[in-house]
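This report concerns only the one structure given below.
Counting starts at 1 for both ligands and their atoms, following the listed order.
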Amino acid sequence: MSEPLRDPLERPIFEKGSPGRTGLDGFGPEAGAEIPIDSSLLRDDLEKFPEVSEPELLRHYLRLSQLNFSAATNFYPLGSCTMKYNPVVNEQIAAEPGFAGIHPYAPEETVQGALRLVVELERWLAEICGLDAVSLQPAAGAQGELAGMKIIRAYHMGRGQRPTKVMIPESAHGTNPASAALSGYDAVPVPCDERGLLSAAAVREFVDEDVAALMVTNPNTLGLFEADIEEIAATVHEAGGLIYMDGANLNALMGVAKPGHMGADVLQFNLHKTFSTPHGGGGPGSGPVAVRADLEQYLPAPRLIEEGGKLRWQRQGPESIGRVRSFYGNFGIAVRAYAYILACGGDGLTETTRGAVLAANYIRARLEGAYHLPFEARSMHEVVFTDKLQNEHGVKTLDIAKRLLDHGFHSPTIYFPLVVSGALMIEPTESETLETLDAFAEAMLDIAREARTDPDTLRSAPQATPMARLDETRAARHPVLTWQK
Ligand SMILES: *Cc1c(COP(=O)(O)O)cnc(C)c1O
């Protein structure tokens with residue numbers, strides 16, 4: 001059989017080409033004639049080095065890039081991850097030489113504009129979350145959590161106390177208990193009630209003077225607003241604990257409600273989720289940490305101070321938890337967030353939040369009945385369904401997720417949060433048009449019909465992708481990254 005010219009799997013580049021073929025004129029075995037390259041720099045000891053033409057090379061990598069799915073290619077309703085549209089102009093702004101080309105060791109007087117951006121963004125973020133001081137240093141949401149937990153630890157130690165526990169609702173993101181444990185605390189899971197919420201009664205039952213903090217996400221990872229939050233915060237504060245709020249779901253709050261007003265003492269932002277940085281596939285991210293005024297001295301160092309109209313870095317104070325990252329955080333992401341907030345303005349951020357909540361509730365209304373909704377409470381920026389109705393036909397959440405790929409959509413987040421069996425967590429974000437939301441809803445309804453009429457086909461989905469179902473554990477634990485004959 002002849003080889004297909006366009007191989008849908010895109011074989012490794014090492015399997016392509018032909019001996020002696022070169023990508024650029026003058027770089028072949030007889031190189032040196034046209035382009036004078038020192039012979040010591042020419043290698044002939046690379047076995048199986050790809051020998052391909054320039055067009056082959058270009059096509060290979062371009063096709064590989066087309067096997068990726070991104071928010072720039074289609075609807076990407078990955079719950080909890082906020083895969084919203086990231087305005088391209090922010091990429092251009094972050095790439096400006098005045099931002100992208102400066103060195104972290106550049107003398108302060110030469111980078112006053114960049115430093116001004118940092119302090120202004122810190123101030124804006126404080127305003128958005130209703131807290132008093134912010135550090136942009138943490139490089140991801142999880143690292144912001146870790147910095148926040150260390151701040152809480154420093155606060156208790158400053159008062160001569162050593163509480164050992166951190167209460168965490170069962171619906172929490174996995175990074176929450178991890179951050180608490182890495183900070184030396186025992187993570188105590190608190191169950192959520194039949195509303196999918198943390199009740200003040202449950203908190204009262206668990207809280208005592210050995211509790212350093214409650215780590216709570218609001219809206220929670222079920223997409224529901226924690227209605228008892230003020231009472232809960234008061235209960236924890238009374239017992240001497242602090243409220244850590246995971247701010248990864250700020251796309252449901254900004255411009256509308258402030259965690260600081262709900263009783264939060266410490267919070268992390270996920271700038272890459274809420275404030276327009278392309279993400280997924282491992283970063284980079286940015287997880288600024290925000291605190292109440294009386295916790296400011298514990299923030300990561302260094303901090304910017306202003307003297308005579310000039311900004312400069314102030315070395316670490318005695319109370320600070322110290323550095324959590326080299327230099328000053330992922331500055332390029334701060335630039336994008338700054339540009340995004342500036343472009344939206346306060347009213348724009350409010351509109352963004354409203355749009356995100358409206359879109360999630362629209363999807364909810366369109367799919368209600370066809371998919372099981374585990375909770376009654378109105379959704380915020382994301383909605384969680386389950387596969388309960390499809391289970392009757394032997395169809396699971398994974399089958400639904402895989403079938404969506406055939407419809408051209410990315411799957412929602414599946415099997416998370418863990419407290420819901422067979423969860424399908426859909427976060428449409430404010431970016432999408434009504435037509436896109438409808439097309440997605442139609443695809444989901446189609447799949448629900450197919451579960452009744454043709455469950456076998458559904459279980460063998462996807463059919464339209466180069467690979468069908470991988471052994472995901474093996475692919476993660478034993479990835480084959482080299483070519484194999
Ligand atoms: C994404 C997320 C995190 C972790 O943020 P990273 O930037 O991925 O480290 C924490 N909590 C919640 C609720 C999240 O959605």
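Between H407 and F409, the gap from one ring centroid to the other reaches at least 6.0 Å.
Panel note: side chain K273, backbone S80; a donor-acceptor pair is recorded below 3.5 Å.
Pairs passing the side-chain hydrogen bond (donor to acceptor under 3.5 Å, both in side chains) check and including a residue from residues 328-346, sequence neighbours excluded, read K84-Y340, E91-R336, E120-Y338, R325-N330.
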Under the criterion salt bridge (Lys or Arg N to Asp or Glu O under 4.0 Å), I'd like the reasoning laid out for D406 against R403: C-alpha separation, chi angles, the key distance, then a yes or no. CA-CA 5 Å; D406 287 333; R403 193 54 159 162; 2.6 Å; yes
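Shown here are the side-chain hydrogen bond (donor to acceptor under 3.5 Å, both in side chains) partners of K165, two or more places apart in sequence or in another chain: D208. With sequence neighbours left out, the side-chain contact (heavy atoms from CB on, under 4.5 Å) criterion links A201 to S199, R204.
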Tabulating one pair per line, provide the atom names and distances (0.1 Å) for every N/O atom of ligand 1 that is less than 3.5 Å from a protein N/O atom.
| residue | atom | partner | partner atom | Å |
| --- | --- | --- | --- | --- |
| ligand 1 | 5 (O) | N270 | ND2 | 2.9 |
| ligand 1 | 7 (O) | G141 | N | 2.8 |
| ligand 1 | 7 (O) | N270 | ND2 | 3.3 |
| ligand 1 | 7 (O) | H272 | NE2 | 2.7 |
| ligand 1 | 9 (O) | G141 | N | 3.4 |
| ligand 1 | 9 (O) | A142 | N | 2.8 |
| ligand 1 | 11 (N) | D246 | OD1 | 3.4 |
| ligand 1 | 11 (N) | D246 | OD2 | 2.6 |
| ligand 1 | 15 (O) | S80 | O | 3.1 |
| ligand 1 | 15 (O) | S80 | OG | 2.8 |
| ligand 1 | 15 (O) | K273 | NZ | 2.7 |

